[in-house]
Every structure is written in C-alpha cells, then in structure tokens.
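To keep things clear, I will list the structure first and then write my remarks on it.
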Amino acid sequence: MINITLRGGGLALFMFLLGSDFVLGWLNNIKSSTQQSERSITSSSDQSCFCHLTGVLDDCFCDIESIDVFNNFKIYPKIQKLTERDFFRYYKVNLRRPCPFWPDDGHCSIKNCQVEPCPESKVPMGIKAGNYNKYAQDTNTVTEIEDCVQANQLGAINSTLSNQSKEAFVEWARHDDAKDHFCELDDETSPDAEYVDLLFNPERYTGYKGPSAWRVWNSIYEENCFKPRSVYRPLNPLAPSRGDDDGENFYNWLEGLCLEKRVFYRLISGLHTSINIHLCAKYLIDEGWGKTTWGTNMKEFRHRFDPVETKGEGTRRLKNLYFLYLIELRALSKVAPYFERTIVDLYTGNTEEDAATKELLLQVFNETKAFPMHFDEKSMFAGGKTEAKILMEEFRLHFKNISRIMDCVGCSSCRLWGKLQTQGLGTALKILFSEKEIKNLSENSTSKDFQLTRQEIVGLLNAFGRLSTSIKELQNFKTLLQDNR
C-alpha cells in the first residue's frame, strides 16, 4: 500500500458568506424550530447520549442543529416519498458473490437473514440479457402475467417483481466507466444478479453478530482507514475497551492525518453509525406465539452511543453521521444538472409514474441546492498535482476495497443494505470529484465523460434516504429518552 503524507495538511476549508441575506434569511426561518428543539433537551442523565451532540462539526462549517431542522422538516418527507416510487424501490444486486479476502463462512442460518429468490423460470429473457436503454422515451405495452410467489417468510429478501416491471427495466443500458468508480459494481448480467424490492425488505436487526460480523468491520477499520502502524488497537468502534488508550484519547492519531484521510475515516464511521441506528430503531423485540415484534431498543442505543459507556466515543460517532450526511447532501446538489436535462427520463414504462418521480426528484434537488452550509470538497486534494493525484487514487482504491468487503457479510439482508449504502456513498464521491465533467454535460446528448448507471442512481438516493432516516430516528430516540427520564 502506498503511504502518502500530503504536505500542508491544514488545507483551507470552505467558509460560506455568513453576511449574505440568503443565509441570514434561511437561519431566521429555522430559528424558532431550533430553539424549540433545544428546549426539549434536559440535563437528565437519560439525555447523556445527546448532551454533547451540538455545535459546529469538525472539518466543515455547519452546525448540527441546522442539519436537524433542515433534514427533519424539508428533506426527510420528500426523500421518503421518492424512495417509495417504483424507479427507486427495485435494486439489482448479486448476493452470491464470494468473499474475495477469506474463506467463506457460509451464509447466516438465522431466518431473518435468508433470501427467497424468484424462480428463474419466471424471469423474462430480456431481464437475463441485461440490456437497458437508459434514455428510452417510449414504452412497450406489456401484459402483466402471473408474478412469482412472494417470499412472505420473516426477514426473507423478496426478489419478486412483476413481469411488467422487469420488461420496463430492460430499457436501461449499462455504462462502463470503471476507472471513475469508487465501488466494485455488481455485474447486472450475471445469472446470480436479482432484482430486490427494497420496500419488502427493510433494513433492521436480524441477529447477525459474532466473529463473522466482527471480522468484516475489523477488516474495514484496521486495514482500510489509513491507520498508522504504531496504533495497535483495532479500529472497530464496538471493540471492547483495552487498557488506558481507549475512548476519546484513542483518536489523537486521527488529528495528525491530512484532511483527506480524516475525511475517509469519518465517512466510514458515519456509515457504521447510521447502520447501527437503523438496527437500534428496528430491533427484534419479541418472536413469541408466531408473531414477531420490531421496535426501538434503548439499551442497545445507549450501549453504542452513550458517552459514559463508550468513554466519549459515542458523541464522535454521531457527529460522523452528520458529517457523512453533509458529504452526500453536497453530492446531490452537485449532480442536479445531470438530472435536470430533458433527455434524462426515470423510465419505468409508466408515463405518469415517471413524470411524477422526476418532479419529486427535482424537488429534492432544489432543497439540497438551497442549503447554505455545504461541505467544500475543493479543500480536498488541493496540493501539488502529482501528490494530490496519487492521494486521490489511494483514497479511491481504499474505498473500492471496502465495497468488496461487503461481499464477505454472511447475512444476506445485511449484505444487501451494506452493498447498497456503500455503493451510494461511492457514487456520491464519484460525483464530488467530477465537477468539470458535470458542467460540460450536453443538454440533448449523452456524455462519455460522466454517466450514471441506474444501479448507481438507485444506490445514491436510497443511501441518502437511509442517512436522512438515521437523523430523524435520532430525534425519536431523544424524545423517548426524555419521556423515560
């Protein structure tokens, strides 16, 4: 692995014009909501998970309270509706790819992890061919025939799609720009790749834990997050405490890294935090008498994020979630021109559905562009051209390696959501560092310099939807902690 130390690690960070009428007006609009939110936080020990979750984030100019109000009132309602649309609810994924790094542990036998694939005899040949025309304006009328039997078993991944939906997806074309990818993309033409309905398979706690799960996260943190060799403790946030070098003191090494490597670690930590919040919010509470109950698990939430139980790390983890949110929010605002072109049609075969979906997507983009405190990606990789280029490639390859580790997750449901959210973040990074290519897009023709596959688009919006949900869930946990004090 190449070891690069970028000189001048204290790179200039983005400072938005605080004196502008636009920012002042936007802040005035959220002031009353922010004050109301702040009054709800008490000094009770039950609020300890949140008592330090406030103020300006490191490495960017934005405060947590502004993000809370912006997300919960402006973004969350729209992104939820968007990800329920047909275009965004179906995701093609290969959950059978072997782990490339260690012998396969075998798939988890817990019923909540299982996959119920659609019988191949029910899948139209067009889907198997994998030829999709991304910019099709016309649709063939396809008579819907009998669907595959839905997998209703608890926790099973439902790969059932109507033949009508499958025929519509045939119109999408796969574009190969692997040199720009931050992720290892699944081959959609593989016979092992299947469409999954994400609404039928929500992300939640499945019971997958122990050595297999530990090895995945340990490999991510220990081998791919630019950890100095002198730091011996595994970079797994859930690792048990060891000696005096624990908690907040452990992260002293992180402050010595250049901005780019700090950002990388915070992105991965933020992703891990988001996943953990989802699991705490949809935890398996009871399986008695043939009925399964999912709900919030306050004990688990405290275990992962309480400053006392985590020796101060919990607050840092939660702040990294907000940092990741800002990164993906910035990517959405940057990629808006790509989708605003009339040539881009979110094609499913249903004209009314497609028009409504694109309109809703553009509404989301308008909200992201109106946010006044974006992260400035130009502060990254801004050193000497040769040094910056090498560091950028190292950054990209590290993240691509993490996307490959997702194929080592033993739980199929966990693998599904891990792959989707990793791909969404990888697509966001691709967008952030393609500014020139996006600006040069033609209004009426495709471009070889910048292109997004349908797989990337679905991953990008669903991944951001997951982050938005995490921040919304934090407000719910805050309320529950206050009520139970």
Side-chain angles (χ1 to χ4, degrees), residues 1-3 91-108 113 115 130 157 174-194 196 203 208 211-227 234-237 260-261 263-272 274-275 324 327-328 390-431 433 452-453 455-456 458-460 462-463 466:
M1 182 63 67
I2 306 173
N3 289 318
Y91 180 64
K92 195 169 189 181
V93 61
N94 183 356
L95 298 176
R96 297 188 179 91
R97 288 179 63 171
C99 173
F101 300 107
W102 54 76
D104 199 335
D105 291 332
H107 286 276
C108 176
C113 295
V115 172
I157 289 183
R174 187 173 186 269
H175 175 73
D176 182 14
D177 55 352
K179 63 179 174 33
D180 300 320
H181 285 159
F182 282 76
C183 287
E184 184 84 12
L185 297 180
D186 284 343
D187 179 5
E188 295 187 66
T189 65
S190 168
D192 289 332
E194 300 175 302
V196 174
E203 184 181 19
Y208 176 64
S212 178
W214 160 263
R215 181 157 59 171
V216 169
W217 284 112
N218 187 56
S219 178
I220 290 172
Y221 284 104
E222 181 75 3
E223 301 169 16
N224 293 280
C225 282
F226 300 102
K227 181 182 68 67
L235 278 181
N236 188 320
E260 293 79 2
K261 294 182 179 181
V263 165
F264 190 96
Y265 173 80
R266 296 185 69 189
L267 294 179
I268 301 306
S269 173
L271 177 60
H272 197 182
S274 182
I275 291 172
L324 173 58
I327 293 292
E328 295 200 13
I390 293 174
L391 182 58
M392 164 73 90
E393 182 64 4
E394 188 179 11
F395 190 100
R396 187 182 72 84
L397 292 177
H398 273 246
F399 193 85
K400 194 169 186 178
N401 211 42
I402 289 175
S403 74
R404 298 176 68 204
I405 293 175
M406 290 298 110
D407 285 317
C408 300
V409 177
C411 164
S412 294
S413 180
C414 306
R415 181 182 295 201
L416 164 66
W417 286 101
K419 286 168 74 80
L420 181 142
Q421 291 173 84
T422 303
Q423 183 178 82
L425 175 53
T427 303
L429 294 173
K430 171 182 171 179
I431 292 167
F433 303 115
L452 293 176
T453 66
Q455 191 182 28
E456 288 175 307
V458 173
L460 174 69
N462 273 284
R466 294 280 75 206

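The structure displayed is predicted, hence computed values, not measured ones. Just the heavy atoms: all of them, side chains too, but no hydrogens, waters or symmetry mates, feed the values below.
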Notebook entry, point to check: Hey, is the main chain of Phe182 close enough, under 3.5 Å, to the side chain of Arg396 for a donor-acceptor pair?
Noted result: no

Next item on the list: Could you tell me whether a side-chain N or O of Ser403 sits under 3.5 Å from a main-chain N or O of Thr422, the two making a donor and an acceptor?
Entry: no

Next item on the list: Evaluate the side-chain contact (heavy atoms from CB on, under 4.5 Å) criterion for residues Leu267 and Phe399: first the C-alpha distance (whole Å), next the side-chain angles of each, then the deciding distance (0.1 Å), finally the verdict.
Entry: CA-CA 10 Å; Leu267 294 179; Phe399 193 85; 5.8 Å; no

Next item on the list: Take Leu397 and Asn401 through the side-chain contact (heavy atoms from CB on, under 4.5 Å) test and state the conclusion after the steps.
Entry: CA-CA 6 Å; Leu397 292 177; Asn401 211 42; over 6 Å; no

Check: How close do Leu324 and Leu271 get, heavy atom to heavy atom, and via which atoms?
Finding: CD2-N, 3.3 Å

Item checked: Spacing of CZ belonging to Arg404 relative to SG belonging to Cys99, to within rounding of 0.5 Å -> 9.0 Å

Notebook entry, point to check: Closest heavy-atom contact between Leu420 and Ala463?
Noted result: CD2-N, 4.0 Å

Margin query: Salt bridge or not between Asp186 and Arg97? Use side-chain N to carboxylate O under 4.0 Å.
Written below: yes

Notebook entry, point to check: When rounded to the nearest 0.5 angstrom, what distance separates CD in Glu393 from NZ in Lys400?
Noted result: 8.5 Å

Notebook entry, point to check: Judged by atom type as modelled, is there a donor-acceptor pair below 3.5 Å linking the side chain of Asn218 to the main-chain atoms of Trp214?
Noted result: no

Checklist line | Nearest atoms (heavy-atom pairs only) where Leu95 meets Arg415 | finding: O-NH1, 3.1 Å

Next item on the list: Apply side-chain contact (heavy atoms from CB on, under 4.5 Å) to the pair Phe101 and Asp407, showing each step before the final yes or no.
Entry: CA-CA 9 Å; Phe101 300 107; Asp407 285 317; over 6 Å; no

Checklist line | Those residues that, when tested against Glu328, pass side-chain hydrogen bond (donor to acceptor under 3.5 Å, both in side chains) (two or more places apart) | finding: none

Next item on the list: Taking all non-hydrogen atoms of both residues into account, name the closest pair between Val216 and Cys408 and its distance.
Entry: CG2-O, 3.8 Å

Next item on the list: Check whether the ring centres of Phe226 and Tyr265 lie less than 6.0 Å apart, and answer yes or no.
Entry: no

Check: Are the side chain of Gln421 and the backbone N or O of Trp417 linked by a donor-acceptor pair below 3.5 Å?
Finding: yes

Next item on the list: Quickly, which of Gln455, Lys419, Gln423 forms a side chain to side chain donor-acceptor pair (under 3.5 Å) with Tyr91? Name it, please.
Entry: Gln423

Next item on the list: Return the minimal non-hydrogen interatomic distance between Leu429 and Phe395, and the atom names on each side.
Entry: CD1-CE2, 4.0 Å

Checklist line | Distance (rounded to the nearest 0.5 Å) between Arg96 CZ and Ser412 OG | finding: 8.5 Å

Check: So how far is it from His272 NE2 to Trp217 CH2, rounded to the nearest 0.5 Å?
Finding: 4.0 Å

Checklist line | side-chain contact (heavy atoms from CB on, under 4.5 Å) between Ile431 and Leu460, worked out | finding: CA-CA 10 Å; Ile431 292 167; Leu460 174 69; 3.7 Å; yes

Checklist line | Pairwise distance CD1(Ile402) to CD1(Ile220) - rounded to 0.5 angstrom | finding: 5.5 Å

Margin query: Give me the atom names and distance for the closest heavy-atom approach of Lys261 to Leu391.
Written below: CE-CD1, 3.9 Å

Item checked: Distance in Å, Ile405 CD1 paired with Ser219 OG, rounded so as to fall on 0.5 Å steps -> 3.5 Å

